[in-house]
Amino acid sequence: MSPASLQKKNAARTDSGDERAAYYERIRPLNLAPLWESLHTLVPREPQTPCVPALWRYDEVIRPLLMQSAELITAEEAVRRVLILENPALPGRASITQSLYAGLQLIMPGEVAPSHRHVQSALRFIVDGKGAYTTVEGERTTMYPGDFIITPSWAWHDHGNEGINGESEPVVWLDGLDIPMLRFFDAGFAENDEKRMQGVSRPEGSSLARFGHNMVPVRHDLSTATSPIFSYPYARSREALEQLRKNEAPDAWHGHKLRYVNPLTGGAPMPTIATFLQLLPRGFAGKVHRSTDGSVYSVVEGRGTAHIGGESFEFGPRDTFVVPSWAPLRLDAAAGEDVVLFSFSDRPVQQAMGVLREAFL
Ligand code: 1HN
């Protein structure tokens with residue numbers, strides 16, 4: 001055919017809406033779909049997350065509701081007594097972002113949350129109260145507010161609340177898990193322990209003694225995907241931030257921000273989740289930053305404002321908020337209030353894939 005007649009034939013293919021619709025109807029029962037109708041959504045020019053920013057107030061909302069839940073069900077019966085923090089745009093999916101789960105767990109004095117294990121990795125960030133414990137693979141750690149504790153994939157774990165020095169109080173922590181990721185890969189397994197509580201086989205503090213002082217036992221030459229330190233106490237991390245605050249100027253975007261590390265690799269403490277602690281000095285007014293890893297923040301100290309996309313969220317101690325992927329984020333600390341924020345994201349997975357992007361505006 002001549003170029004002119006070819007062009008004419010092609011032009012005839014452009015205005016046939018009804019015929020196309022009929023064609024789509026014909027191929028649907030054959031489990032076929034036309035890529036050309038969805039190409040732009042499948043490979044957007046930039047991230048188009050369905051997630052929205054959101055904040056959960058602790059003192060006014062979450063704490064009273066958790067205490068009401070304790071009237072309805074025990075930790076034992078619930079297995080884990082948790083209020084899931086669902087992204088308002090992803091209801092019913094137990095997801096705070098597309099890849100991450102977050103919830104607030106309550107354990108009352110004397111209660112036990114029975115031993116089990118699962119492929120999903122978990123982090124605990126202690127929000128309120130002290131004197132609960134978690135036992136992970138035979139080592140116990142007592143919880144204090146601000147501690148960051150890890151339950152590695154497939155590790156036995158149970159929790160309890162025996163108090164300290166004869167005093168006990170309700171204890172609440174933020175759970176962060178890679179549940180939506182494991183669901184995506186269909187790679188989840190789980191099992192209950194035969195015993196309600198694991199036996200304790202190592203003294204409290206032994207993993208921190210062996211791995212938590214920039215030293216590693218000489219015969220230990222294996223790098224593990226999850227950090228061998230399973231409790232990173234707040235007192236130490238807070239002290240590090242205090243020194244930074246005294247000695248240097250804050251980063252214009254992050255303030256003073258440190259990432260937790262697996263001492264065997266220098267990488268994130270968990271294979272699927274990175275964790276951070278940052279201090280915004282009083283009156284700090286941050287610049288705008290965006291990154292492809294959506295993040296969950298837990299406020300430890302101080303009041304301030306998170307400007308996320310076009311919205312502003314005033315936060316205070318113990319509140320939780322979520323920043324969706326690629327949403328512009330600006331953090332401010334109120335006058336006279338040093339702010340400390342814990343956060344976590346799926347950054348190590350994006351880094352392993354080579355797709356993490358950040359912009360400092
Ligand atoms: C789980 O095992 C815990 O061990 C917390 O405390 C939250 C959410 C979904 C599935 C398992 C825990 C969980 C969970």
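The chain is numbered in sequence order, starting from 1. Order of appearance sets the numbers: ligands from 1, and atoms from 1 within every ligand.
Side chains of Glu139 and Ser206: a donor on one and an acceptor on the other come within 3.5 Å.
Side-chain contact check for Pro145 versus Lys130: some heavy-atom pair is nearer than 4.5 Å. With a 4.5 Å cut-off on side-chain heavy atoms, Thr97 and Val322 count as touching.
Residue-ligand proximity, His118 to ligand 1, at heavy-atom distances under 4.0 Å covers atoms 1 (C), 2 (O), 11 (C). Residue His159 has at least one heavy-atom neighbour below 4.0 Å for each of these atoms of ligand 1: 4 (O), 6 (O), 12 (C). If you number the atoms of ligand 1 from 1 as listed, the ones under 4.0 Å from a heavy atom of Ile179 come out as 8 (C), 9 (C), 10 (C). Atoms of ligand 1 lying under 4.0 Å from at least one heavy atom of Arg80, given by number and element, are 1 (C), 2 (O), 3 (C), 4 (O), 6 (O), 12 (C). Counting the atoms of ligand 1 from 1 in the order shown, those under 4.0 Å from a heavy atom of Arg124 are 3 (C), 4 (O), 5 (C), 6 (O), 12 (C).
For the pair Gln105 and ligand 1, the shortest N or O to N or O distance falls below 3.5 Å. No N or O atom of Trp173 sits closer than 3.5 Å to an N or O atom of ligand 1.
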Do Tyr260 and Phe276 pass the ring-ring contact (aromatic ring centres under 6.0 Å, His included) test, and can you show the C-alpha distance, the side-chain angles, and the key distance before you say yes or no? CA-CA 6 Å; Tyr260 292 87; Phe276 306 88; 8.2 Å; no
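A salt bridge between Arg347 and Glu358 is present, with a side-chain N of the basic residue lying under 4.0 Å from a carboxylate O of the acidic one. Looking at Asp59 and Arg57, no side-chain N of the basic residue comes within less than 4.0 Å of a carboxylate O on the acidic one, giving no salt bridge.
When non-hydrogen atoms are compared, ligand 1 lies under 4.0 Å from neither the backbone nor the side chain of Gln120.
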